[in-house]
Amino acid sequence: MLNIPYGRQHITQEDVEAVVQTLQSAYLTQGPTIKAFEDAFAKYVGARYAVAVTNGTAALHLCALSLEVEPGTKVITTPITFAASANCIRYCGGQVVFADVEPGTALLDIDKVRIMLESHPKGTFSGIIPVDFAGHAVDLASFRELADEYGLWIIEDACHAPGAYFTDSKGKQQHCGNGRYADLSIFSFHPVKHIATGEGGMITTNRKDLYEKLLLLRTHGITKDPSLLQENHGGWYYEMQTLGFNYRISDINCALGLSQLSRAASGLEKRRAIAQRYDEAFQNSPIRPLAKPIDGGHAYHLYVIQAEERKSLYDYLRSQGIYTQVHYIPVHLQPYYQKLGWRKGDLPQAEKYYEHCLSLPMYPELKPEQQEQIIELTKTSILCEL
Ligand SMILES: *Cc1c(COP(=O)(O)O)cnc(C)c1O
């Protein structure tokens, strides 16, 4: 029987050795590997600063804190995402306002966001959290323009999209998390994502003021930096200047991340090749993949198809040992958000998308013969339905 998950990590002997080296070094945490990973990651995405943290959710929380989200703050995001993209606003007591998605891509629909902004007094909203869903880079240049018109900040949830890019109006590739358009971008290093550290996350930004806040918030709001201290009693002295958290990542995790990062570009190429094989196999069939950018900038964290009889396809593939997944149950329909007043019918495109979406296995080490089996069984199941 097959046993193919929808996503999984790839650990090499080099990865193992990198971790062992750290275990044998002087620092398990707060050592040099964290900064090395941050610097290498910032370079990979083209941002000025990077802050590594315990996981992607902590990254989102720190972003919301650094942008001073508080009770009363209203933030717009998409319902087709992992719950954490919205929850970070709730952690700070802010209000999440979901706007609907585009039908073809399931990305946050900028026209819906614009309508929402236009239909409220200026100053109602504080920020937008677009998500590079499935690895499809959001056109952040357009979102930036809109955000500037209304004085909003942008947190880009780029968990699905390290290495992805969109092409700007001048024909230039703009990589997710490069700091050009979003105030802050976040990534996750959960094992199903592109780069695995076990648990881990990263924030990238070009804004020095936010970078410095994030460093403080990551470690209890405590600093020992002499240039920041209000007093100084001696070498032992530190100050807790704000209420922060312990969201530090360990050097052990970062050693794995650094080693994984060295293969990120080749892993991305493999994902793109797998997506192309799916695309070709599903041409002229009733299986409809999500729309993709024509510039090739998609990072394919997920390969999502839309199928008429999604549940029977899911069940059939599962019976054959192919474990697909649904991304996502619209966040506004989760009981917690329903308690806050959201209802079925509020976001029709997202709800319609959810009825039919299915994520097929997608990870760099998926073998061609495995993919052939997935394609065959998917087609068989769909044709039986007709
Ligand atoms: C994985 C993910 C997160 C959360 O990351 P964790 O590291 O699991 O906390 C947030 N947003 C999106 C879109 C994700 O896919």
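No experiment lies behind these values; they were computed from the predicted model shown. First listed ligand is number 1; within each ligand, the first listed atom is number 1.
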Inset, instruction - Find all atoms of ligand 1 within a distance of less than 4.0 Å from any non-hydrogen atom belonging to Thr81, and give their numbers and elements. - result: 13 (C)
Inset, instruction - Compute the shortest N/O to N/O distance between His190 and ligand 1 and return yes if it is under 3.5 Å, no if not. - result: no
Inset, instruction - Assess the side chains of Gln325 and His327: does a donor N or O sit below 3.5 Å from an acceptor N or O? - result: no
Legend entry - For atom 8 (O) of ligand 1, the protein heavy atom that lies nearest, with its residue and separation: Ser188 OG, 3.9 Å
Inset, instruction - May I ask you to check whether Glu199 has an N/O atom sitting below 3.5 Å from an N/O atom of ligand 1? - result: no
Inset, instruction - Supply the members, apart from Tyr323, of the Ile/Leu/Val/Met/Phe/Trp/Tyr cluster built from side-chain contacts under 4.5 Å; use none for a lone residue. - result: Met1
Legend entry - Residues Glu156 and Arg180 bridged, charged N to O under 4.0 Å: no
Inset, instruction - Using distance alone, with no hydrogens and no angle criterion, decide if Gln174 and Asp168 have a side-chain donor and acceptor under 3.5 Å apart. - result: yes
Legend entry - Proximal atoms of ligand 1 relative to Gly56 (non-hydrogen, under 4.0 Å): 5 (O), 6 (P), 7 (O), 9 (O)
Inset, instruction - Mind telling me whether Phe41 and Phe37 have parallel, tilted or perpendicular rings, with 30° and 60° as the class edges? - result: perpendicular
Legend entry - Test: Arg144 and Asp139 ion pair at under 4.0 Å: no
Legend entry - Tyr328 near ligand 1 by a heavy-atom separation under 4.0 Å: yes
Legend entry - Residue and atom name of the nearest protein heavy atom (relative to atom 9 (O) of ligand 1), distance in Å to one decimal: Thr57 OG1, 2.6 Å
Legend entry - Pair Arg114 + Asp111: basic N to acidic O under 4.0 Å: yes
Inset, instruction - Report the part of Asn55 in contact with ligand 1, treating N, CA, C, O as backbone and CB onward as side chain, heavy atoms under 4.0 Å; options are side chain, backbone, both, neither. - result: both
Inset, instruction - Quick one: look up the protein heavy atom nearest atom 14 (C) of ligand 1 and list residue, atom name and how far away it is. - result: Lys193 NZ, 3.1 Å
Legend entry - Element-labelled atoms of ligand 1 that are located less than 4.0 Å from some non-hydrogen atom of Ser85: 11 (N)
Legend entry - Residues Asn253 and Glu199: side-chain donor-acceptor under 3.5 angstrom: no
Legend entry - Gly201 to ligand 1, any heavy atom closer than 4.0 Å: no
Legend entry - Within-cut-off N or O pair, Asp157 and ligand 1, under 3.5 Å: yes
Legend entry - Nitrogen or oxygen atoms of Ile186 and ligand 1 under 3.5 Å apart: no
Legend entry - Counterpart residues, ring pair (Phe, Tyr, Trp, His ring centres under 6.0 Å), relative to His301 (two or more places apart): His160
